[in-house]
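As the structure lists them, so they are numbered: ligands from 1, and atoms in each ligand from 1.
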Amino acid sequence: MKSHARVVVIGGGVTGCSILYHLAKAGWRDLVLLERSELTSGSTWHAAGGTGALAGSANMSTLHKYSFELYPKLEEETGQSCGFHPVGRIALARTEARVDELKILKSKAQRVGLAPVFLSNAEAMELSPILDMSGVRAALFDAASGHVDPSGVTQAFAAGARQHGAEILRQCPVLESNPRTDGSWEVVTGQGTVIAEHVVNAAGLWAREVAALAGVYLPLMPVEHHYFVTENIPLLEELGREVPMTGDADAEFYMRQEGKGLLLGAYEDTCTHWSQQGTPADFGHELLPDDLDRIERNLAQAVESVPVLGSAGIKRVVNGPMIFSPDLNPLIGPHPGLKNYWCACGVMTAFSQAGAVGMLLSNWMTQGDPGLDVFMWDVTRYGPWAGKSYTRARTADMYSTRFKTIYPYEDRAAGRPVKTTPIYEVQKAKGAVFGANYGLEYPLWYAGDGVQAADNFTFRRPNWFEHVGEECRALRAGVGLLEVSTYGKFRVSGPNAERWLDYVLANAVPRETGRVVLSPMLNARARLVGDFTVSRLGDEEFFLVGSGAMERFHLRWWEQWLPADGVSVESLTPRWVGFNIAGPAARTLLARLTDTDVTAEAFPFLRARRMEVGPVRETVVLRLSFTGELGYEMFFPPEYQRPLLAAMEAAGEDLGLRLVGSRALGSLRIEKSFPSWGAELSPDYSPFDADLERFVKLDKPDFVGRDAALRLKQQEPTYRLTAFEVDAADADAWGGEPLICDGEYVGYVSSAAYGHCTGKSLALGYLKNDFARAPGDLSVELVGEPRAVHILAEAAVDPKGQRMRS
Ligand SMILES: Cc1cc2nc3c(=O)[nH]c(=O)nc-3n(C[C@H](O)[C@H](O)[C@H](O)COP(=O)(O)OP(=O)(O)OC[C@H]3O[C@@H](n4cnc5c(N)ncnc54)[C@H](O)[C@@H]3O)c2cc1C
């Protein structure tokens with residue numbers, strides 16, 4: 001065994017082999033993959049091999065599509081068959097909600113160049129004569145689906161990697177991984193020790209154990225999953241061609257042809273976890289005992305859709321373990337707190353995702369960034385709060401609802417609450433309906449007296465519509481109080497804090513104590529990796545507020561320039577809570593609770609003050625506005641939160657103080673055309689696309705992303721952030737919907753809301769630049785119905801920003 005390697009990939013399943021292949025193709029040398037047993041000996045060998053491009057979000061579809069389109073190229077390049085059968089898939093809908101879901105999926109597919117089509121019953125049966133279409137309301141055919149041979153794919157990645165010089169050692173278990181002071185790793189194996197510049201954990205079923213060797217925990221839990229293969233079916237023998245795959249989400253099964261028989265797998269109602277305390281080191285090429293009774297209900301429903309299943313003998317049953325993250329998406333990227341340690345774990349639909357995971361990790365390792373916004377797969381989306389009980393509850397729920405319709409705004413209850421603020425019970429008693437952000441519960445809206453405090457999910461206007469409307473109107477008329485404890489909060493201090501922040505952020509940090517600026521943070525390609533309000537609280541002290549969900553992402557990002565002399569970065573995200581009071585009466589309310597002069601002259605817009613507010617001796621108060629109204633955000637330790645809420649309520653009673661949830665904030669900020677992190681702002685966009693150019697100080701001598709920003713400034717952006725009004729009826733846009741002009745795709749909605757104070761259905765989105773210059777008649781499909789869209793030249797509310805500056 002060699003003594004040094006640039007990269008050691010741990011795990012020879014499909015994921016590890018894909019990473020090795022992509023790194024080798026990218027030109028990296030001295031690559032070694034270590035496999036404890038034989039290639040494919042985790043979950044990979046017994047997978048059903050289903051693959052498909054179509055997914056819920058555009059970036060996910062892009063990544064699945066990459067994996068799907070790679071198979072024929074890989075076969076050609078390596079001469080190793082992947083057993084690629086791109087037979088397409090027919091998705092059946094038996095309920096109105098499911099028909100709506102398919103319409104939305106079809107419409108969104110345009111954004112990534114996919115074109116699924118609705119089939120008539122006769123067309124569906126012609127393509128797949130084994131189907132019984134009674135009770136089926138719609139059938140969507142998606143050509144970018146099929147199946148592969150799991151071992152063939154893994155061997156093809158391995159062959160491709162070897163062709164480019166990578167080495168694979170089998171029967172070589174990794175026993176230890178020890179960090180060295182220079183950032184490299186000592187990897188101890190059954191065959192000797194190798195010093196690696198980078199380590200990749202692609203240990204699939206054993207990812208938890210391999211992570212523990214590096215001293216870290218990953219929120220993963222294995223589950224059992226069943227499929228079976230039937231004996232030959234005469235109808236298929238006669239047909240002489242392969243039928244498309246079938247998905248019947250209402251019956252929660254998936255099915256494809258295997259030889260002249262059928263393969264049927266199911267996500268049953270009750271998830272069975274496996275080896276919760278850890279995957280046994282000696283678990284080999286093994287299956288788990290059959291328990292077909294578990295999928296009896298699914299099977300009975302499958303027989304209704306595909307009657308020939310009822311008389312087919314069962315040839316082979318597979319019950320195997322696979323490992324899930326709490327949201328079923330992979331956990332990838334550099335692990336925070338560890339140098340040169342990469343995760344590629346929890347890849348649960350590897351035959352749609354492993355190709356993309358390999359490509360992303362290779363980009364990330366060789367170029368410093370994955371190339372697109374992959375936060376939905378980033379290991380940093382979970383923090384230490386995602387413990388075993390949360391992971392167990394979420395994975396069970398996600399398994400048993402794998403094919404359930406997911407509605408806009410749906411935030412499932414399983415495993416929650418994990419973290420609450422001190423006023424959670426008070427809010428609950430006042431009718432709050434909660435969501436969770438990075439584990440922390442926060443109010444979405446408040447149900448009034450006699451109103452059921454629960455979301456009723458739908459693709460159309462939901463049960464909270466009017467209540468959110470009342471909150472919006474109350475805030476714009478008087479004053480609203482929102483919980484903003486979920487925001488990311490950081491204190492950056494020390495003699496070199498100013499210089500350090502000026503380097504990592506794109507704007508110039510405030511030179512004067514008490515000033516606040518908004519600043520994007522860029523990567524080397526000048527794409528957005530953060531968006532902060534930066535307040536100077538002292539000569540050597542700054543307070544940053546950003547996205548709470550990105551707390552760990554941002555801390556990891558800054559690790560590149562830390563530790564730094566004379567700079568301390570401390571996250572206050574889990575330690576401080578926050579309120580936002582906003583509305584024309586917000587100043588009066590604040591003034592009643594503090595002796596500090598908060599008049600417009602003494603405390604103007606974009607300023608920060610430390611002050612005593614009610615029972616809180618020292619509160620950091622920022623004069624900001626995300627609602628478009630006069631507003632203040634205040635941050636302080638949690639033990640004061642309940643008394644401060646009580647003080648606010650008492651002082652604000654005659655001002656019409658109203659508790660307001662985040663759904664109202666969503667509507668209010670869209671009325672102001674304010675972009676939001678994760679929707680309009682993400683690593684998919686540059687500040688020029690997102691209209692943030694004024695916050696990028698290109699004349700600063702140096703900052704991360706400056707060179708690329710200077711280059712981008714010379715070019716026309718491909719897309720431009722634009723505000724729209726939609727002629728909606730009973731459904732508003734949500735985000736992700738393509739914008740169409742004369743049948744052509746010209747952009748997409750990034751987020752949307754009904755503007756309750758303007759009576760307009762509003763949206764923000766990105767329009768192709770060519771189109772923005774010469775616009776035509778725009779439309780968007782809302783639940784399958786085309787609706788006219790009008791470009792707004794300015795924000796629907798207070799376009800000059802007078803109210804927030806008042
Ligand atoms: C019944 C069933 C059906 C499925 N059907 C599908 C499907 O149709 N489509 C789909 O996309 N997915 C399917 N899956 C999921 C699929 O199997 C997984 O997504 C995939 O196998 C994950 O691959 P991996 O490489 O990440 O992990 P694994 O396959 O688990 O590979 C991890 C590898 O790491 C090695 N390893 C572990 N520890 C060490 C160590 N210490 N040192 C060295 N090596 C180590 C292991 O031996 C193993 O080879 C199915 C799963 C099951 C159980």
Side-chain angles (χ1 to χ4, degrees), residues 8-20 32-52 64 67-68 145-151 153-154 157-158 168-177 187-191 199-214 220 222-229 245 254-256 258 263-267 274 279-285 287-288 290 295 316-325 328 330-332 343-355 357-358 399:
V8 161
V9 178
I10 305 172
V14 63
T15 305
C17 290
S18 167
I19 294 165
L20 192 74
V32 183
L33 182 146
L34 305 178
E35 165 53 48
R36 133 205 107 94
S37 173
E38 296 296 329
L39 295 186
T40 77
S41 56
S43 287
T44 297
W45 71 274
H46 54 60
T51 170
H64 285 200
S67 304
F68 186 79
S145 281
H147 57 98
V148 289
D149 163 24
S151 294
V153 171
T154 311
F157 279 131
I168 295 177
L169 293 184
R170 293 171 292 122
Q171 302 298 338
C172 186
V174 170
L175 307 172
E176 289 178 33
S177 60
V187 181
V188 180
T189 80
Q191 293 184 24
V199 168
V200 182
N201 176 351
L205 272 183
W206 293 264
R208 294 172 298 172
E209 288 70 31
V210 167
L213 297 180
L220 292 167
V223 300
E224 296 188 14
H225 180 57
H226 255 114
Y227 68 81
F228 65 81
V229 179
M245 297 162 66
Y254 59 88
M255 197 196 66
R256 68 168 172 85
E258 167 85 353
L263 179 154
L264 184 131
Y267 284 87
W274 177 77
T279 303
D282 60 355
F283 185 74
H285 245 73
L287 291 177
L288 308 173
D290 302 347
I295 61 168
R316 183 160 55 96
V317 179
V318 171
N319 181 20
M322 64 211 282
I323 196 157
F324 283 6
S325 75
L328 265 55
L331 301 175
I332 70 166
C343 297
C345 309
V347 186
M348 68 77 61
T349 57
F351 298 95
S352 301
Q353 297 179 333
V357 168
Y399 183 95

Side-chain donor/acceptor of Thr51 to backbone N/O of Phe68, under 3.5 Å: no

Closest to [atom] (judged by heavy-atom distance), picking from [options]:
{"atom": "atom 1 (C) of ligand 1", "options": "His147, Met322, His225", "answer": "His225"}
{"atom": "atom 21 (O) of ligand 1", "options": "Val318, Thr44, Thr279", "answer": "Thr44"}
{"atom": "atom 34 (O) of ligand 1", "options": "Gly52, Ser352, Gly204, Gly11", "answer": "Gly11"}

Between atom CD of Glu224 and atom CG of Asp290, what is the distance when rounded to the nearest 0.5 Å? 10.5 Å

Are any of the N/O atoms in [X] less than 3.5 Å from those in ligand 1?
{"X": "Leu205", "value": "yes"}
{"X": "Gly320", "value": "no"}
{"X": "Val14", "value": "yes"}
{"X": "Val174", "value": "yes"}

If we set the cut-off at 4.0 Å for heavy atoms, which region of [X] has an atom near ligand 1: side chain, backbone, both, or neither?
{"X": "Trp45", "answer": "neither"}
{"X": "Met348", "answer": "backbone"}
{"X": "Ile10", "answer": "side chain"}
{"X": "Leu213", "answer": "neither"}
{"X": "Cys345", "answer": "neither"}
{"X": "Phe351", "answer": "both"}

Scan side-chain atoms only and decide if Gln171 and Glu38 contain a donor-acceptor pair under the 3.5 Å cut-off. yes

Taking atom 8 (O) of ligand 1 as the reference point, the nearest protein heavy atom with its distance: Gly50 N, 2.8 Å

What's the shortest heavy-atom distance between Ser43 and Met322, and which atoms? OG-CA, 3.5 Å

Angle between ring planes, His225 versus Tyr399, binned at 30° and 60°: parallel, tilted or perpendicular? perpendicular

